[in-house]
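For the numbers below, each heavy atom of this structure counts, side chains included, while hydrogens, waters and symmetry mates do not.
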Amino acid sequence: MMKLYITPGSPYARMARIVVLEKGLGSRVEIIAAKTRVANSPYYDINPSGRVPYLICDDGVGLEESAVICAYLDRLDGDPAFDLPAGDEGREARRLEALARSMLDGLSVWGRELLRAGNERSPGVIQHETDRAQRMADLWEVEIDRQLMRRALNMAQITLACGLGLEARNPDFHWRPRHPKLREWFDRVAARPSFTATAPPSASAASGAPPAIAPRGTRKKRRAPRRKR
């Protein structure tokens, strides 16, 4: 059985997990949560770069990079569903996929910055990626009407949806209010079983934040029992 190493919040790993589900490969691919960004993780013995996703194929060869892994999984059955079309349509598909990847990459940088301790965050990086995300959302409000984005599921759609889905992990990523067409498109794609099954954990769930505790002074004091006279 092949082994696909992921982290639950990685949009790149999510892309590979979506392809596994869309292609019905659940019985052939074991999904394993890797420990990354920690010193001396056992995962580094499997993949020295420490990145996810990482696929160990049946022959023991390891594959890194979501695009490589998705293409490999898609072709396993000899009937690829996500291959690029030929000719001008193929160039258009690559253009849209590159735009989606650009947005996803910027959002990932922003998200990683937010995972740092407060005193280690770069306000400049956060502002840069905030502005980039807004510009890209404006662009996609127009591009989402392209024929390729309205047809059968493809890698440009998967990449864009995994980027927009990072709203669950970044409370400052407010792309919905000004982009009704993009919102309608995303909500429809995100309702697919492969997307609901791989939805990223929210920022609070990922951080393991404890439940809110009422501040002092707001809790009701317990009355001492009255003594019987």
More than 12 heavy atoms from other groups under 6.0 Å of [atom1] on [X]:
{"X": "Asp58", "atom1": "CG", "value": "yes"}
{"X": "Lys35", "atom1": "NZ", "value": "no"}
{"X": "Gln147", "atom1": "CD", "value": "no"}
{"X": "Arg151", "atom1": "CZ", "value": "yes"}

Flag the pair [X] / [Y] as yes when at least one side-chain heavy-atom distance between them is below 4.5 Å, and no otherwise.
{"X": "Arg169", "Y": "Ser202", "answer": "no"}
{"X": "Phe195", "Y": "Ile18", "answer": "yes"}
{"X": "Met2", "Y": "Glu30", "answer": "no"}
{"X": "Arg178", "Y": "Gln134", "answer": "yes"}
{"X": "Asp187", "Y": "Arg176", "answer": "yes"}
{"X": "Arg75", "Y": "Tyr72", "answer": "no"}
{"X": "Glu141", "Y": "Asp138", "answer": "no"}
{"X": "Leu107", "Y": "Glu129", "answer": "no"}

Looking at [X] and [Y], would you say the former's side chain and the latter's main chain have a donor-acceptor pair under 3.5 Å?
{"X": "Arg121", "Y": "Arg116", "result": "yes"}
{"X": "Asn47", "Y": "Arg51", "result": "yes"}
{"X": "Ser41", "Y": "Val38", "result": "no"}
{"X": "Asn170", "Y": "Gly111", "result": "no"}
{"X": "Asp74", "Y": "Ala81", "result": "yes"}
{"X": "His179", "Y": "Trp175", "result": "yes"}

Side-chain heavy atoms nearer than 4.5 Å, only ILVMFWY residues, links allowed to pass through others: does that put [X] and [Y] together?
{"X": "Leu139", "Y": "Leu96", "result": "yes"}
{"X": "Phe186", "Y": "Met136", "result": "yes"}
{"X": "Leu148", "Y": "Ile144", "result": "yes"}
{"X": "Val19", "Y": "Leu84", "result": "no"}
{"X": "Leu115", "Y": "Ile126", "result": "no"}

I need the [X] [atom1] to [Y] [atom2] distance, nearest 0.5 Å.
{"X": "Leu182", "Y": "Leu160", "atom1": "CG", "atom2": "CG", "result": "6.0 Å"}
{"X": "Ser194", "Y": "Arg14", "atom1": "OG", "atom2": "CZ", "result": "8.0 Å"}
{"X": "Cys70", "Y": "Lys23", "atom1": "SG", "atom2": "NZ", "result": "11.5 Å"}
{"X": "Leu4", "Y": "Cys57", "atom1": "CG", "atom2": "SG", "result": "10.0 Å"}
{"X": "Glu65", "Y": "Leu55", "atom1": "CD", "atom2": "CG", "result": "13.0 Å"}
{"X": "Leu114", "Y": "Asp172", "atom1": "CG", "atom2": "CG", "result": "6.5 Å"}

Side chains of [X] and [Y], donor plus acceptor under 3.5 Å:
{"X": "Ser10", "Y": "Arg17", "answer": "no"}
{"X": "Glu64", "Y": "Ser49", "answer": "yes"}
{"X": "Glu97", "Y": "Thr159", "answer": "no"}

What are the two closest heavy atoms between [X] and [Y], and how far apart are they?
{"X": "Trp185", "Y": "Gln157", "answer": "CH2-O, 3.5 Å"}
{"X": "Tyr12", "Y": "Leu104", "answer": "CE2-CD2, 3.7 Å"}
{"X": "Ser122", "Y": "Glu113", "answer": "N-OE2, 2.7 Å"}
{"X": "Pro53", "Y": "Ile69", "answer": "O-CD1, 3.5 Å"}
{"X": "Gly165", "Y": "Pro200", "answer": "O-CG, 3.7 Å"}
{"X": "Ala34", "Y": "Thr7", "answer": "O-CG2, 3.5 Å"}

(message) Evaluate Thr198 against Met15 for side-chain contact (heavy atoms from CB on, under 4.5 Å), listing each step before the verdict.
(response) CA-CA 9 Å; Thr198 59; Met15 292 167 64; over 6 Å; no

(message) Over 60° means perpendicular and under 30° means parallel, so tell me whether Tyr5 and Tyr43 are parallel, tilted or perpendicular.
(response)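 Correct class here is tilted.
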
(request) Starting from the C-alpha separation in whole Å, work towards a yes-or-no answer on side-chain contact (heavy atoms from CB on, under 4.5 Å) for Arg132 and Met103. (result) CA-CA 8 Å; Arg132 189 210 305 266; Met103 186 173 194; over 6 Å; no

(message) Working note: Arg150 + Arg188, criterion side-chain contact (heavy atoms from CB on, under 4.5 Å); need CA distance, chi angles, decisive distance, verdict.
(response) CA-CA 11 Å; Arg150 299 289 181 175; Arg188 178 172 49 80; 3.6 Å; yes

(message) Could you go through Leu76 and Leu25, starting from their C-alpha distance and side-chain angles, then the distance that decides it, and tell me whether this counts as side-chain contact (heavy atoms from CB on, under 4.5 Å)?
(response) CA-CA 9 Å; Leu76 275 176; Leu25 297 171; 4.1 Å; yes

